[in-house]
Amino acid sequence: SYQFYYNTTGIAPDEFTTPTGTATGSSVYMNTLVPGTTYYFWVRSDCGIQSSEWSAQEEFTTAVENDLCEDAIAVVCGGTYNGDNTNATQQTIPGAPGTPGRGLWYVFTGNGGDVTFSLCNSAFFDSRINVLTGTCGSLTNVANNDDECSLMSEVTVSTVSGTEYYIYASNYSAATSGAPFVLDVSCGGFWTGNTGNDWSDAGNWSDNSVPGIGDNAVIPSAPSGGNFPTVLTGSESVNELVMQSGASLNILDGAALTTAGDVTNNGTINVANDASFVQQAGSGLSGSGIFNVTKNGSGVYDYWSSPVV
């Protein structure tokens, strides 16, 4: 039989070192190794009463967990993911400008809103980022970036609900060294309903920030928190509003919601008697959803004007 010993420091064992394990054949299975790590190992014969000297040092590096498209790590809105492509392999990326270097794969399921994938919070990383759709082995490049923030990369994609987006975070080129990096995923204006139904509660939005006039708002078919939004009081303003199929939005008496951009309504928008929903001039309205507008009559005479856009 054989005894083996390995570590990540490269410090050689001696006659007093306790072996990592024993093998009776010419190979051994080890399932506790860390991905993307270099290991050093030694082997010696175990003759029962005595053992041979340790062999000369050998080394190997384990594969990075998400080195291949098929092993892409799933990412979500508001997530921060630490990566290190030092030991990743260089791959050909369809439609990518230039030749990206070694990279790691991530995958995001589209929510119908704008999603930003950023490497800008990395300590230092001369990077490229590519976003692709399709299936591994048959991908189409839909967005890419090189130097959005100094030498680091950031890209925003208008996603389609349910579509998978593969993100390849890599070195700028094969000539640049790999390094630790940080991938941030932000989905400004995506409703989660995690704390309740109050539109003005930042905890109900994916990035813990209530969207404003410069932000788009997306109300999904199935919010992760199970609650659909209600504008309870005051005035709220967004750029574009997207209501996915089955989504609902309530605007209560005394409250108002204004959109500066397009409205896509495939859900239901309920506007109370003393509430306002205002879409500014020049913007578009599309979708097959429903607007329910309540108007309580005075019992005498009421004048109903045409909707004002």
Side-chain angles (χ1 to χ4, degrees), residues 66-81 83 85 88-122 125-174 176 181-191 206-207 211 214-221 239-245 261-262 264 266 284 286-287:
N66 50 332
D67 190 36
L68 301 177
C69 176
E70 292 80 357
D71 298 321
I73 293 176
V75 298
V76 298
C77 292
T80 295
Y81 304 89
N85 70 330
T89 55
Q90 184 172 349
Q91 300 176 43
T92 300
I93 305 302
T99 304
R102 294 184 296 274
L104 300 180
W105 290 92
Y106 301 86
V107 61
F108 177 86
T109 301
N111 55 28
D114 291 345
V115 182
T116 299
F117 304 103
S118 177
L119 299 173
C120 293
N121 286 326
S122 304
F125 187 52
D126 190 2
S127 66
R128 286 184 187 268
I129 191 166
N130 286 269
V131 181
L132 308 99
T133 57
T135 57
C136 294
S138 182
L139 294 169
T140 300
N141 203 305
V142 296
N144 53 75
N145 178 258
D146 178 13
D147 294 337
E148 177 65 24
C149 36
S150 184
L151 294 176
M152 293 166 284
S153 313
E154 179 178 287
V155 66
T156 298
V157 178
S158 296
T159 68
V160 176
S161 183
T163 296
E164 289 192 328
Y165 293 82
Y166 288 90
I167 303 98
Y168 186 67
S170 71
N171 292 356
Y172 168 73
S173 70
T176 52
F181 63 85
V182 176
L183 172 67
D184 292 312
V185 182
S186 58
C187 311
F190 188 79
W191 174 265
S206 60
D207 289 340
D215 305 310
N216 298 333
V218 179
I219 315 302
S221 302
N239 183 30
E240 296 183 2
L241 174 65
V242 176
M243 299 287 296
Q244 295 184 358
S245 177
D262 296 344
T264 303
N266 288 304
S286 63

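The figures here come from the full heavy-atom set of this structure, side chains too, leaving out hydrogens, waters and symmetry mates.
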Worksheet item: Hey, are the side chains of L132 and P94 touching, using non-hydrogen atoms and a 4.5 Å cut-off?
Response: yes
Worksheet item: So, for G83 and L104, which heavy atoms are closest and what is the spacing to 0.1 Å?
Response: CA-CD1, 4.2 Å
Worksheet item: So do L139 and C69 actually touch side chain to side chain, heavy atoms under 4.5 Å?
Response: yes
Worksheet item: Judged by modelled atom types alone, do N141 and N130 share a side-chain donor-acceptor pair under 3.5 Å?
Response: yes
Item to complete: Return the minimal non-hydrogen interatomic distance between G113 and T159, and the atom names on each side.
Response: O-OG1, 2.8 Å
Worksheet item: Distance-only, no hydrogens or angles: does the D215 side chain make a donor-acceptor pair with backbone N or O of G189 under 3.5 Å?
Response: no
Discussion item. Donor-acceptor check, side chain of S206 to backbone of C187, threshold 3.5 angstrom: yes or no?
Written reply: yes
Discussion item. Under 3.5 Å, is there a donor on one side chain and an acceptor on the other for N171 and N85?
Written reply: yes
Practice prompt. Find the distance between CD (E240) and CG (D114) and round it off to the nearest 0.5 Å.
Written response: 7.5 Å
Worksheet item: Are any side-chain N or O atoms of N144 and backbone N or O atoms of A96, one a donor and one an acceptor, separated by less than 3.5 Å?
Response: no
Item to complete: Supply the atom-to-atom distance W191 CH2 to M243 CE, rounded to the nearest 0.5 angstrom.
Response: 11.0 Å
Discussion item. Distance check, rounded to the nearest 0.5 Å: N266 atom CG versus I219 atom CD1?
Written reply: 13.0 Å
Worksheet item: Does the side chain of W105 come under 3.5 Å of the side chain of Q91 through a donor N or O and an acceptor N or O?
Response: yes
Item to complete: Could you tell me whether the side chain of T163 and the main chain of G110 form a donor-acceptor pair under 3.5 Å?
Response: no
Worksheet entry | is_close_aromatic(F108, F117), centroid dist under 6.0 Å | yes
Worksheet item: Heavy-atom distance under 4.5 Å between the side chains of Q244 and V218, does that happen here?
Response: yes
Discussion item. Distance check, rounded to the nearest 0.5 Å: Y81 atom OH versus Y106 atom OH?
Written reply: 9.5 Å
Practice prompt. Mind checking the CG-CE spacing from D126 to M152? Nearest 0.5 Å is all I need.
Written response: 9.5 Å
Practice prompt. Provide the closest heavy-atom pair for R102 versus Q90 in the form atom of the first, atom of the second, distance.
Written response: CG-N, 3.7 Å
Practice prompt. May I ask you to decide if C120's main-chain N or O and S118's side chain share a donor-acceptor pair within less than 3.5 Å?
Written response: yes
Discussion item. I need the E154 CD to T116 OG1 distance, nearest 0.5 Å.
Written reply: 5.5 Å
Fill in: Working for side chain to side chain donor-acceptor pair (under 3.5 Å), residues D184 and T80
CA-CA 5 Å; D184 292 312; T80 295; 2.8 Å; yes
Worksheet item: Would you say the side chain of Y172 lies within less than 4.5 Å of the side chain of P100, judging by non-hydrogen atoms?
Response: no
Worksheet entry | Sole candidate of S170, S153, S150 that passes side-chain hydrogen bond (donor to acceptor under 3.5 Å, both in side chains) when paired with S127 | S153
Discussion item. With heavy-atom distances below 4.5 Å as the criterion, would you say the side chains of L183 and L119 are in contact?
Written reply: yes
Worksheet item: Going by distance alone, is a donor N or O of one side chain under 3.5 Å from an acceptor N or O of the other, for S161 and N111?
Response: no
Worksheet item: Is there a donor-acceptor pair under 3.5 Å between the side chain of Y165 and the backbone N or O of G134?
Response: no
Discussion item. Taking T135's backbone N and O only, do any of them form a donor-acceptor pair with S138's side chain (distance below 3.5 Å, no angle check)?
Written reply: no
Discussion item. Quick check against the 3.5 Å criterion: does Y168 have a side-chain atom that pairs as donor or acceptor with the backbone of I129?
Written reply: no
Item to complete: Kindly determine whether V185 and V115 satisfy side-chain contact (heavy atoms from CB on, under 4.5 Å), including the steps that lead there.
Response: CA-CA 7 Å; V185 182; V115 182; 3.9 Å; yes
Worksheet item: Do you see a donor-acceptor pair shorter than 3.5 Å between the side chains of D67 and T89?
Response: yes
Worksheet entry | Least distance between heavy atoms, G214 atom then N239 atom | C-CB, 4.2 Å
